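The structure under discussion appears below in the form of structure tokens.
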Amino acid sequence: MADKYIPQDIEPKWQKRWEEDKLYKAEKDPSKEKWYYLTMFPYPSGDLHMGHWYAMTPSDAHARYFRMRGYNVMFPMGFDAFGLPAENAAIKRGIHPKTWTYRNIDRMRKQLRSMGAMFDWDREVVTCDPEYYKWNQWFFLKFLEKGLAYRKKAPVDWCPTCKTTLAREQVIGEERVCERCGTPVIKRDLEQWFFKITAYAEELLDFSKLDWPEPVIARQRNWIGRSEGAEVYFTTEQGDPLPIFTTRPDTLWGVTFMVLAPEHPLVEKVTTPDRKAEVEAYVAAARRMSDIERESTEREKTGVFTGGYAINPVNGERVPIWIADYVLMTYGTGAIMAVPAHDQRDFEFAKKYGLPIRVVIAPPGWEGEELEEAYTGEGIMVNSGPFDGTPAPDPAIRKVTEWLEEQGIGKFAVNYRLRDWLISRQRYWGTPIPVVYCEKCGIVPVPEEDLPVILPEDVEFKPTGVSPLTYHEEFLHTTCPKCGGPALRETDTMDTFVDSSWYQYRYLSPHYDEGPWDPQEAEYWLPVDQYTGGIEHATLHLLYTRFFTKALRDLGLVDFDEPMIRLYNQGIILGEPREGDFVVVEGEWESEEANAFHAVRIRAIRDKEKPDPAVGPDFVQGEVYARDEVSVRLNVGGGRFVIVHVDEGTVIDIPDVPEATVMDLIYHLDAEKMSKSKGNVVAPDELVAKYGTDTVRAYLMFAFRWEQGGPWNSKGIEGTHRWLHRVWNLLLEEPQVKREATDQEIKSLRRKTHQTIKRVTQDMEEFAFNTAIAALMELTNLMMKLKETSAVYTDAWTEARDTLILLMAPFTPHIAEELWVRTGHEYSVHQQSWPTWDEALTKEEEITLVVQVNGKVRAKIPAPVGLSEEEAKELAFAHPKVQKYVSGKEIRRVIFAQGRILNIVVGK
RNA sequence: GCCGAAGUGGCGGAACAGGGAGACGCGACGGUCUCAAAAACCGUUGGGCAUUACGCCCGUGUGGGUUCGAAUCCCACCUUCGGCACCA
């Protein structure tokens, strides 16, 4: 009798052994094909949660599969260690961010090791280490030289909670909230550092070298927001240039007014004295308004006339200049030509302020009548001088643009929604930006040889919201590298997304000090072959890192265009959803205003005839949303919640639960993203302690489609655990042979073995971990059936056994290793080759001929493989059930498909 | 409004390129073992009507269509989730 499967014993044992043997150390080996496998590194928040496990363990299985396939796989891990939580911990609890961060890293490193993943810890990077962030600073200086980093004053997004500016990408949704904390952002005018990502806008739209999921590409495309059109050189009446961007140059003759953004630099100049007061009031109001209000499409458009006029270069017409907040300073030139007849926004504005509307694209059948709304469809140009009669928009746009260029009054132009990446953060725990401000020399970069600019550790954290660097005298005051005079250091630090923009390269040689990475390592390992992570980074990290790689390429540091060739996005694990009990509570109000009720009797109603949620003078009824020993929180409908107080005298009545207490009531929980604040976290550590790592890994891969994720099911994990127990007993317990196996059975075992290799291999290629494990379970089930036969003494059995262990190795590495060694093989299963299948052996020997009559399955007849249509017909028509449906009917057609389906089409 | 993803049993999910819908697992029900329970093992399990065959009907969000044959292809629509949006 073999001993029991006790994962708590075998898992630590093997983890220790693998580590001692450096089993997963990835070393350059030009004789082997490399495979750089990367999964997004975590922020060291202090605890690994289920989301990390869900992201990392399937990646690990996939990486292990490639390793067994013979690739030289590098699978590194590290920590994205700069960021605000560390600083908040410092302010709240008086722990230094560095202490907090490194303590968390230690803890998480242990938790990560418990995954049994093949991470190569010799390559670990920690981004808050000066040996790492030195290179952030070095890149910054290179970017500065190349004109890819610059400083400007601009109205920027500011998060009042995080007390720092944010990049455009870090402001989420229509509510314009902070990506980190969900607080609505506000605008502030500040001098900030930017990376010129817009220089690569066009190239970033080229996804041809990437094998990335379409949704990510779509989001990046959306974000970059390219539109083609023309720039047209309007001027003010005084002669100041007033260029505008339009996508419809064919409507230029329909311009009846111009609109400037309230912040436009020419506003002051074009405003006439009599309009000044009104214009200034409008500008001030626009500035006060939040972006949410301002950009709301629901709002009626407002604006004021400046008194100034502009000249339309196509016909010399004088048109009034207005200002309106629906024109954004940040897009195009901050000014538009208004064509009310052919743009709905301009139309509404013109209607409201009584401005003229001139049709220049005649809709089909138009006879000069007034338009009800802007016409944006196809038509013929009218009232457009030399272009009358041209079909619009095509070829009108092209022809007009060519003409504008000939006339020198405009040109073809492309505009992007993408803005430059704001990297300044008014926080302490980040990479210091390596510049100083000298009274004489202005902005002076810190010389390369003085890097890194070390983040001082002896800082004081005050809950003022100001970075402690701003009052750290020693850090602040320095000398100018150019003139030697007094200078002040930049106190802003870099966005932490800078760190993660190039970490994939630092893994190559985390301690290399002659450059950001060792070029010899880079030559072999780069670029990343497979990257995995969440889609939420589509327009953040994934856009930034593409930009970085292109910039590094232009600096001559890498010789490829894209950082990660293949990308796969896993989904999100949600909390376990539950429906609450519906209860009717009798008792009395303690305070109806305070929604407090005292219960005399609580009845749970679990059938479908629940009453509606309601309250009355002596009862409340609704769904249980929370409970403890002395109270129940009820949703009584209409968004109202009542706290029902329970005491010893309260009668609790729950169907099928004798002597029930309040604690037996189940309460409602929506399926929400697992997070601590929602209180629905399943702690992986606890599950590992209970079931072992292999079970948790296998369950995460089996129960969900990886790209989709879904709600956790605490019962489901038992099934995978049972499977591992079954495999253990199957392979280690002495067989109790009861009878001889038939040849058929032995053949079927070989067939199943080879079919399983094929299925698992193909599923691995598609990240279909769930069906791969299902296939392994099927093989297990068949072997269970045959274990009481003499099949166990055959080669087919040994082959099946070894195959099962080898195929399990990527998913459940510990039990696989233990079984491998215990079945008499040499350590380590993780150094074995992936099994291959013999196609001939996967073929069934007999088929089931499916006979359909008019498309409905009427009979299933066992038949030999490769039977002819004639033979199939013979079998089918001889079958009594087929007879029943075809006799006496006209046979119209017979279709023989796939060699195993026969469809007989009969008449009535 | 534009773009993207997805709708299949009580649940998670299978179904290669148009050919047997529901693999695998959870849950449920019945049984074996046990003083009993748990575990383990065996069986049943889409719905309905029948249960005398294991027989018939219905069934992949809805409505049409193409086809000998549709979860799969086409058209229209509904629902859910996500991204973008006064972008000129």
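We name chains A, B, ... by the order of the sequence lines, and we start the count at 1 in each one. A quick note: this is a predicted structure, and the numbers were derived from the prediction, not measured.
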Applying a 4.0 Å non-hydrogen cut-off, can you work out what [X] is touching in the nucleic acid: base, sugar-phosphate, or nothing?
X        : result
A:Asn729 : nothing
A:Arg858 : sugar-phosphate
A:Lys860 : base
A:Gly571 : nothing
A:Asn222 : base
A:Ala897 : base
A:Glu778 : sugar-phosphate

So which protein N/O to nucleotides 40-49 of chain B N/O distances come out below 3.5 Å?
none

Rounded distance in Å between the [atom1] positions of [N] and [M]:
N      : M      : atom1 : result
B:rA88 : B:rU8  : C1'   : 46 Å
B:rC2  : B:rG10 : P     : 35 Å
B:rG61 : B:rU72 : P     : 8 Å
B:rG63 : B:rA53 : C1'   : 38 Å

task = Give the ring-plane orientation class for A:Phe767 versus A:Trp706, where under 30° counts as parallel, over 60° as perpendicular and anything between as tilted.
result =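 Answer is parallel, since the angle falls under 30°.
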Exercise. What about A:Arg900, does its side chain sit under 3.5 Å from the base of B:rG20 through a donor-acceptor pair?
Worked result: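 Flag set: donor-acceptor pair detected.
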Query raised in the report: Counting only heavy atoms not in A:Glu372, do more than 12 sit closer than 6.0 Å to its CD atom?
Result: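 No.
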**Message:** Looking at A:Lys785, I'd like to know if its NZ atom is crowded, meaning that more than 12 non-hydrogen atoms belonging to other residues, nucleotides or ligands lie closer than 6.0 Å.
**Reply:**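 Atom NZ in A:Lys785 is not crowded, with 12 or fewer foreign heavy atoms closer than 6.0 Å.
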**Prompt:** For residues 699-709 of chain A, which residue pairs qualify under salt bridge (charged side-chain N to carboxylate O under 4.0 Å, His left out), counting only residues two or more places apart or in two chains?
**Reply:**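 For residues 699-709 of chain A: A:Arg705-A:Glu707.
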Notebook entry, point to check: Looking only at side chains, do A:Tyr691 and A:Glu718 share a donor and an acceptor under 3.5 Å apart?
Noted result: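 Side-chain D/A pair, A:Tyr691 to A:Glu718: present.
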(message) Under a 3.5 Å threshold, yes or no: a donor from one side chain and an acceptor from the other, between A:Asp346 and A:Tyr326?
(response)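 A:Tyr326 and A:Asp346 do have a side-chain donor-acceptor pair below 3.5 Å.
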